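Remarks on the structure that follows.
In what follows, every heavy atom counts, from backbone to side chain, and hydrogens, waters and symmetry copies are set aside. Because the structure is a prediction, the values reported are computed rather than measured.
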Amino acid sequence: MDLCVAIKGISFFLQACLGILGNVVVLLAYAHIIYSEPKLLPVDMILCHLAFANLMLVLFRCVPQTMTVFGMRHLLNDPGCKAVIYVYRVTRALSVCITCMLSVFQAVTVAPPGPRLSWLKSALPSLVLPAFAGLWLLNMAICIAAPFFSIAPRNGTVPAFTLNLGFCHVDFRDHLSYVINGAVLTVRDFAFVGLMVGSSGYILLLLHRHNRQVRGRRRSQGAGAETRAAKTVLTLVILYVVFFGIDNAIWIYMLTVAKVSPVIADMRVFFSACYAALSPYLIISSNKKVKAKIACAAEQVQPSVDNQASGDK
């Protein structure tokens, strides 16, 4: 196997393994929280939904990409390509939208009380589920064109204005549809990222003011919890914006050329999935509920392993 192919395959394989493991652990931890607690807090609902969207993204993008790199051909037929590309596009969009939603939710939560925000603060928990439904419907509608352009790979050269994903081709047939599709997706992503960055900047400003006010005084437990949650959200946003910047820089370049090199396409796939693969570990390390459930599960597993080992002696 060529060294470059081996490096690419190992990179996608590790990314897929990390993404699946991390997001499954987060979802299982929240499933246990739902079982043991009467009601899930809104921020936990958002994080759980984010982990689900990221898990679907990894499964429908990194896994087939890894299999293709390691030599599996004719992995999907035309209907399979249409389904996989559509689910990937929708879940990728949901990843940015839910991260944006998390940032806005946290900004409203930590905002100082006042007549303008009091009604929104009280109504926020009841708006989470309708917001999920709205984001799903919005992105399913925006991404509806993806299946029409997705086909299984054909023998011969790749036509112009075609994204060669290895396991599937996205054939836009002409320059106009190629640019329009790219522009719509880019505008949507930049709109949500702009809102995400704006709300995160507001959180940073509030945290700075809070730190100045409590300097020399003991912080209350509630304020400390809100500050920790806000810092987690800010870290998630920074992580997303870094990979989003790399991803879209490559995407904008791809919109300017008729034939995209497979190496460039693979780089974009890798960086576009990095957030989905790495974000669950940030959630695990910073969320006390998730960390406690994982520690509890580990403690339950360890005695059974010890008992098994003593019984084998």
How far apart are the closest heavy atoms of [X] and [Y], and which atoms are they?
X: R89; Y: A146; answer: NH1-CB, 3.9 Å
X: Y281; Y: L18; answer: OH-O, 2.7 Å
X: S126; Y: P130; answer: O-CD, 3.3 Å
X: N23; Y: G19; answer: ND2-O, 2.8 Å
X: A16; Y: C62; answer: CB-CB, 3.9 Å
X: F70; Y: I10; answer: CZ-N, 3.9 Å

Exercise for the section: Apply the test side-chain contact (heavy atoms from CB on, under 4.5 Å) to residues Q15 and T66: give CA-CA distance (whole Å), side-chain angles for both, the deciding distance (0.1 Å), then the verdict. Expected result: CA-CA 9 Å; Q15 187 182 58; T66 303; over 6 Å; no

Mind checking whether [X] and [Y] sit in one hydrophobic cluster, side chains of I, L, V, M, F, W, Y counted as touching below 4.5 Å?
X: I284; Y: L50; value: yes
X: L176; Y: V170; value: yes
X: V187; Y: L138; value: no
X: Y35; Y: I33; value: no

Problem - Y202, OH: over 12 other non-hydrogen atoms inside 6.0 angstrom - result: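 Yes, because the 6.0 Å sphere around OH of Y202 holds more than 12 heavy atoms from other groups.
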
Do side-chain atoms of [X] reach the backbone of [Y] as a donor and acceptor pair under 3.5 angstrom?
X: D78; Y: I151; answer: no
X: S95; Y: T91; answer: no
X: D44; Y: L40; answer: no
X: N139; Y: L135; answer: yes
X: K82; Y: P147; answer: yes

Exercise for the section: Describe, in one word, how the ring planes of F132 and H49 are oriented to each other, choosing from parallel (under 30°), tilted (30 to 60°) and perpendicular (over 60°). Expected result: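 Parallel: the ring planes of F132 and H49 meet at under 30°.
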
Practice task
Indicate the ring-plane relationship of Y275 and Y240, choosing parallel, tilted or perpendicular according to the 30° and 60° boundaries.
Solution key: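 The arrangement is perpendicular - the two ring planes meet at more than 60°.
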
Practice task
Take F244 and F190, measure what ring pair (Phe, Tyr, Trp, His ring centres under 6.0 Å) needs, and give me the verdict at the end.
Solution key: CA-CA 9 Å; F244 172 83; F190 273 97; 5.1 Å; yes

Would you check if [X] and [Y] make a side-chain contact, meaning some heavy-atom pair closer than 4.5 Å?
X: S11; Y: F270; answer: yes
X: L278; Y: F243; answer: yes
X: T109; Y: V104; answer: no
X: V90; Y: W136; answer: yes

Practice task
Establish, from distance only, whether the side-chain atoms of S286 and K291 form a donor-acceptor pair under 3.5 Å.
Solution key: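 Side chains of S286 and K291: no pair found under 3.5 Å.
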
Handout entry: Check: T232/N287 side-chain N/O donor and acceptor closer than 3.5 Å
Key =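 T232 vs N287: no donor-acceptor pair found between side chains.
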
Practice task
Test V84 against R61 for side-chain contact (heavy atoms from CB on, under 4.5 Å), laying out the working first.
Solution key: CA-CA 8 Å; V84 166; R61 193 65 177 91; over 6 Å; no

Handout entry: Under the salt bridge (Lys or Arg N to Asp or Glu O under 4.0 Å) test, residues paired with D247 that sit two or more places apart
Key =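 Applying salt bridge (Lys or Arg N to Asp or Glu O under 4.0 Å) to D247 gives R92, R268.
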
